[in-house]
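Report on the structure given below.
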Amino acid sequence: MTQLSAAQKSTEVPASPASPDSSKALYGGKGTRRITVRDITAAKERGEKWPMLTAYDAMTASVFDEAGIPVMLVGDSAGNCHLGYETTVPVTLDQMAMLSAAVVRGTSRALIVGDLPFGSYQEGPVQALRSATRLVKEAGVGAVKLEGGERSLAQTELLVQSGIPVMSHLGLTPQSVNTMGYRVQGRGDEAAHRLLNDAKAAQDAGAFAVVLELVPAELAAEVTRSLHIPTVGIGAGAECDAQVLVWTDMLGLTGGKMPRFVKQYADLRGVMTDAARAFADDVVGGAFPAAEHAVH
Ligand SMILES: Nc1nc(=O)c2c([nH]1)NC[C@@H]1CN(c3ccc(C(=O)N[C@@H](CCC(=O)O)C(=O)O)cc3)CN21
Ligand SMILES: CC(C)C(=O)C(=O)O
Ligand SMILES: [Mg+2]
């Protein structure tokens, strides 16, 4: 066995609560192995905030992985943002399996969460287990997400008992657009109480995290304080443990009217439009290909 140097030994001294061990951080930490749901649980205990982005393909996912994004969601928002549908409702489990597999292949560090699409878990726990098992075995996801608290309780329990980590999704649940519409959820005492109950039910059923979509910030803060699992906000204020955005919204690729919770960090749509026009102009004008692009 090799002797540890003094410097190596000193890194093993447990961090005091006053100076949290930043080497373990989900974002900006030193870890290189793939993140697990246990790392997510530990982050809540440290009071650490973390970012999540959606991804639908290997290349985009590899960029976010290299940027250090610790958790990626293969969202059924792929319906809108990748497949050209109006809503997430038509998305199939076959499509989610294909996209999830690509995102897993494109990443080495992020925890990949696969969204269970509409119709793949509503029939009951057995259907949910069959669907989630496909995403785990065929695509290699580390966890799945499903919409609903109380109404998806039996599904969450069976998946967790079977060894599949579950992220729950409450508030605006887009798969229920035909009954709920796209509206803020949890406004008013009764609705707020129902949401808090749903969150606790998801936690008790074994969920490792809960997405809160379009929920009043004060209510999301209360849920965050009440749970020992992290809350992941989207339009749910700053007090959530984590934040998620749809990647094409965040990078300005989606186009059209954005939900007000979106912050745009780039203008990919503008960049790509300009590049496509520059290429087209070069082809039409004869500037491309130049001599160095030809083979002889
Ligand atoms: N591109 C994209 N981004 C998303 O965030 C997203 C999807 N697609 N598809 C799946 C769901 C659907 N989501 C949505 C869809 C619409 C609103 C929306 O219309 N919000 C309005 C009104 C809210 C209200 O005041 O009640 C808003 O201005 O935020 C919000 C979230 C979030 N998800
Ligand atoms: C917006 C997030 C939470 C989602 O469910 C999705 O992208 O499908
Ligand atoms: Mg979704």
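Whatever order the structure lists them in is the order used to number ligands and atoms, beginning at 1.
No donor-acceptor pair under 3.5 Å is formed between the side chain of T231 and the backbone N or O of C240. Judged by distance alone, with hydrogens and angles left aside, the side-chain atoms of R109 form a donor-acceptor pair with the main-chain N or O of G31 at under 3.5 Å.
The presence of a protein heavy atom under 4.0 Å from atom 27 (C) of ligand 1 is confirmed.
There is a side-chain donor-acceptor pair under 3.5 Å between D57 and T60. Side chains of Y56 and T248: a donor-acceptor N/O pair is absent below 3.5 angstrom, by distance only.
Residue contacts with ligand 1, taken as heavy atom pairs separated by less than 4.0 Å, involve T88 solely via side-chain atoms from C-beta onward. In L214, the part holding a heavy atom less than 4.0 Å from any atom of ligand 1 is the side chain. Of the heavy atoms in T88, none comes closer than 4.0 Å to ligand 2. Of the heavy atoms in P259, both backbone and side-chain atoms come closer than 4.0 Å to ligand 1. Counting heavy atoms closer than 4.0 Å to ligand 2, residue I234 contributes side-chain atoms (C-beta onward) but none from N, CA, C or O. Contact annotation: for V246 versus ligand 1, heavy atoms closer than 4.0 Å belong to the side chain alone.
For F64 against T54, the heavy-atom pair with the smallest separation is CE1-O, 3.6 Å. Looking at every heavy atom in both residues, I234 comes nearest to L245 through CD1-CA, 4.5 Å. The nearest pair of heavy atoms linking D241 to I229 is OD2-O, 4.1 Å.
For ligand 2, the atoms sitting less than 4.0 Å from at least one non-hydrogen atom of G75 are 6 (C), 7 (O), 8 (O), numbered in the order shown with element in parentheses. Each of the following atoms of ligand 1 lies closer than 4.0 Å to a heavy atom of F261: 5 (O), 30 (C), 31 (C). Atom numbering of ligand 2 starts at 1 in the shown order; those under 4.0 Å from a heavy atom of H169 are 3 (C), 5 (O). Under a 4.0 Å criterion applied to the non-hydrogen atoms of D115, ligand 2 contributes the atoms 4 (C), 5 (O), 6 (C), 8 (O). Taking every heavy atom of C81 and a limit of under 4.0 angstrom, the matching atoms of ligand 1 come to 1 (N), 2 (C), 8 (N).
Note on D76: its N/O/S atom closest to the Mg ion (ligand 3) is OD1. Taking the Mg ion (ligand 3) as reference, D115 places its N/O/S atom OD2 nearest.
The only member of D76, T87, T88 that meets side chain to side chain donor-acceptor pair (under 3.5 Å) when paired with Q175 is D76. Evaluated for a side-chain contact (heavy atoms from CB on, under 4.5 Å) with S168, the options V210, V211, V232 yield exactly one hit, V210. Screening R34, K24, R33 for a side chain to side chain donor-acceptor pair (under 3.5 Å) with D39, the sole residue that qualifies is R33.
Taking each of P174, A78, S77 in turn, the one with a heavy atom nearest to atom 7 (C) of ligand 1 proves to be S77.
Taking atom 7 (O) of ligand 2 as the reference point, the nearest protein heavy-atom neighbour is S77 OG, 2.5 Å. Atom 4 (C) of ligand 2 has its closest protein heavy atom at L73 CD2, 3.5 Å. If you check which protein heavy atom lies closest to atom 9 (N) of ligand 1, you get N80 OD1, 3.2 Å. The shortest contact between atom 17 (C) of ligand 1 and any protein heavy atom is with Y182 CB, 3.9 Å.
For the ligand labelled ligand 2, residue E147 lies outside the 4.0 Å heavy-atom shell.
Checking only distances, M258 never comes within under 3.5 Å of ligand 1, N or O to N or O. Every N/O-N/O distance between T54 and ligand 2 stays at or above 3.5 Å. Where the criterion is an N or O separation shorter than 3.5 Å, residue side chain and backbone included, K145 meets it with respect to ligand 2. The shortest N or O to N or O distance between D76 and ligand 2 is under 3.5 Å. The distance criterion of under 3.5 Å between nitrogen or oxygen atoms is met by D249 with respect to ligand 1. Ligand 1 has an N or O atom lying under 3.5 Å from an N or O atom of E213, backbone or side chain. An N or O contact shorter than 3.5 Å links R260 to ligand 1 by distance.
When hydrophobic clusters are built by joining Ile, Leu, Val, Met, Phe, Trp and Tyr residues whose side-chain heavy atoms come closer than 4.5 Å, directly or via intermediates, V136 is grouped together with V104. Note on F279: it does not cluster hydrophobically with V271, by side-chain heavy-atom contacts below 4.5 Å among ILVMFWY residues.
Rounding to the nearest 0.5 Å places CG of L196 at 5.0 Å from OG of S226. Rounding to the nearest 0.5 Å places CD of E222 at 10.5 Å from CD of E218.
Note on K145 versus D115: salt bridge recorded, some NZ/NE/NH1/NH2 to OD/OE distance being below 4.0 Å. Using a 4.0 Å cut-off between charged nitrogen and carboxylate oxygen, D94 and R134 count as a salt-bridge pair.
Among the atoms of E147, no N, O or S atom is found under 2.8 Å from the Mg ion (ligand 3).
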